[in-house]
Protein chains: 2
Amino acid sequence: MNITLPKMKNCSDCPIRYNAVCSKCDEAELSELEEIKYYRTYDAGQTIFFAGDDLEFVGSIVSGVASLTRTMPDGRVQMVGLLLPSDFMGRPNRTTIESDIVAETDVMLCCFRRRPFEKLIESTPHVGQRLLEMTLDELDAAREWMLVLGRKTAREKIASLLSMIAMRTASLQMRKPTEGTEFILPITREAMGNYLGLTIETVSRQMSALKKDGLISFDGKRQIIVPDLEALLAETGDDSDGGFLN
Amino acid sequence: MNITLPKMKNCSDCPIRYNAVCSKCDEAELSELEEIKYYRTYDAGQTIFFAGDDLEFVGSIVSGVASLTRTMPDGRVQMVGLLLPSDFMGRPNRTTIESDIVAETDVMLCCFRRRPFEKLIESTPHVGQRLLEMTLDELDAAREWMLVLGRKTAREKIASLLSMIAMRTASLQMRKPTEGTEFILPITREAMGNYLGLTIETVSRQMSALKKDGLISFDGKRQIIVPDLEALLAETGDDSDGGFLN
DNA sequence: CGGTCTCTTGAAATGTGTCAAAGGCCGTGG
DNA sequence: CCACGGCCTTTGACACATTTCAAGAGACCG
């Protein structure tokens, strides 16, 4: 899954300028950041960090999708986070990382070496405040996911994942999500299974079942068409349109 | 499950002074906090906030245990967080709360009305910095739990929960956890099930199985004795002593 | 056009849930 | 002091969803 990487020179051109950890920064703060930032790119499938690695840098996803996964000694894998453009990767004040971080698609990162970034948090409050907000949002998302993992059926899990991606895609495109939506699944069946705590066979079966019931259809393996998002949301087990639509 | 509530007048007597959101504050900052703080107590079983409630205050757990739970429309329940002494409850910059918060034991809170606290975060950086640290730790814990929920068997789930509580108890008592430990389970079987994504019957069966295998024994229903913590850890499916022991 | 990888589908195995009943603990009231 | 009722927990039998094991289909690439 190749995605053209944005070409940029400075922060004002940056596609995630108003969503990333730097979004609250004024011009002065931004130029401080600009001095220490650097870009890195990864190909789909490449591992950005291995669990246990020294966390030499932190940064923002500029484009692409990366996953955080934990692996048990016997090989069972659970995805514990999905990093999308503008999401922050790594954490200050921690020298090692405890999950693998893998580029699910081609990924471009805006990086800061960890130490200088930590100092920057102390000196420029807006970065710390924004990072707190983003971390709280991630915590909410993680908790939402705990409900999915702990209590939902396989069909509800798949519907939840597809709805989440559909909602996000629709909102990026500034469209009312009520009518039909289509999007490209940025992850493989295996990644879906690892995200949802299911085997790939179960993922496949439930995808087929949703298709048979007319809730989704495919265009190829990855392009998903959702003719009626509300109908799909009804399959998630959550409150109908649980606050998403309005 | 009753716990005697600490009697205090000011922050310097506070049992969580060096762990809570205020732990980085100097004297000046502390007296600012002191002016706006107030205490509240709840009986075991009482709900502190209902999902959807207006978040009028935030605060720290001074003593006791509270849980965060989400409930699906059909009644399925998943616990998404367990708040222990010094943990922070609520979040700044969010007007409503999306989980129920329930006192699992008698609970004492140190509260701040939300608005003044939000202002305080902007003015006293140490509070915000500490809150960021604590939130990042919670996020790590939530991710750890996603692995438990998504990929572990019932037996491994129970072993993970018991190990976690045993480790924490041992470290509070400043004891090497290697040899025997005993502790009081602060939660009911139902709460265990809700935490682990299991029914109470499965919890009960697995507890019995662990007992039959000599990994734990009971003294009453709630007092748990762990003769050999490493043996219990080996049942969690994680790396043997995964960084906990040292 | 053969090889590899991902995905789909089928049949059987199994772990956990569901339904049901009984046991233990504890406070209340006779 | 004992009996009663309520609540939490345990245990059993059976049902069922998901996993496991296995084979085949489809897509992509050299």
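Every chain is numbered from 1 and lettered A, B, ... according to where its sequence line falls, protein lines coming before strand lines.
A salt bridge between B:R70 and B:D100 is absent, with no side-chain N of the basic residue lying under 4.0 Å from a carboxylate O of the acidic one. Checked for salt-bridge contact, A:R151 and B:D74 miss the test: no charged N lies under 4.0 Å from a carboxylate O.
At whole-Å resolution of the value, CD1 in A:I200 and P in D:dA22 are 15 Å apart. Whole-Å rounding puts the A:K157 NZ to D:dT18 P distance at 8 Å. For B:I216 and D:dT9, the CD1 to P distance is 14 Å, given to the nearest whole Å. Distance CD1 (A:I158) to C1' (D:dA17): 14 Å, rounded to an integer number of Å. Rounded to whole Å, atom P of C:dG15 lies 12 Å from atom CZ of B:R155. A straight line from CD of A:E156 to P of C:dG17 spans 14 Å, rounded to a whole angstrom. For the pair B:N194 CG and C:dG17 C1', the interatomic distance rounds to 14 Å; values are reported in whole Å. Atom pair B:M207:CE and D:dT10:C1' shows a separation of 12 Å (rounding to whole Å applied).
No hydrogens or angles considered: a donor-acceptor pair under 3.5 Å links the side chains of B:T199 and B:T202. Defined by atom type and a distance below 3.5 Å, a donor-acceptor pair is present between the side-chain atoms of B:S67 and B:E104.
When each of D:dT18, C:dT16, D:dT10 is scored by its nearest atom to the side-chain atoms of B:F218, the top-ranked nucleotide is D:dT10.
Remark: the A:E201 side chain and the C:dC7 base include no donor-acceptor N/O pair separated by less than 3.5 Å. A donor N or O paired with an acceptor N or O is not found under 3.5 Å between the base of C:dG15 and the side-chain atoms of B:R205.
Among the protein residues, B:G197 comes within range of the sugar-phosphate backbone only, with heavy atoms under 4.0 Å from sugar or phosphate atoms but none that close to a base. Among the protein residues, A:S204 comes within range of the nucleic acid bases, having at least one heavy atom under 4.0 Å from a base atom.
Atom CG in A:L55 sits 7.0 Å away from atom CE in A:M89 (nearest 0.5 Å).
One finds no side-chain N or O of A:T202 lying less than 4.0 angstrom from the OP1 or OP2 phosphate oxygen of D:dT18. Remark: B:T199 is not in phosphate contact with C:dT16, judged by side-chain N or O atoms under 4.0 Å from OP1 or OP2.
When each of A:T188 and A:R151 is assigned the nucleotide of DNA chain C with its nearest heavy atom, A:T188 is the one assigned upstream, toward the 5' end.
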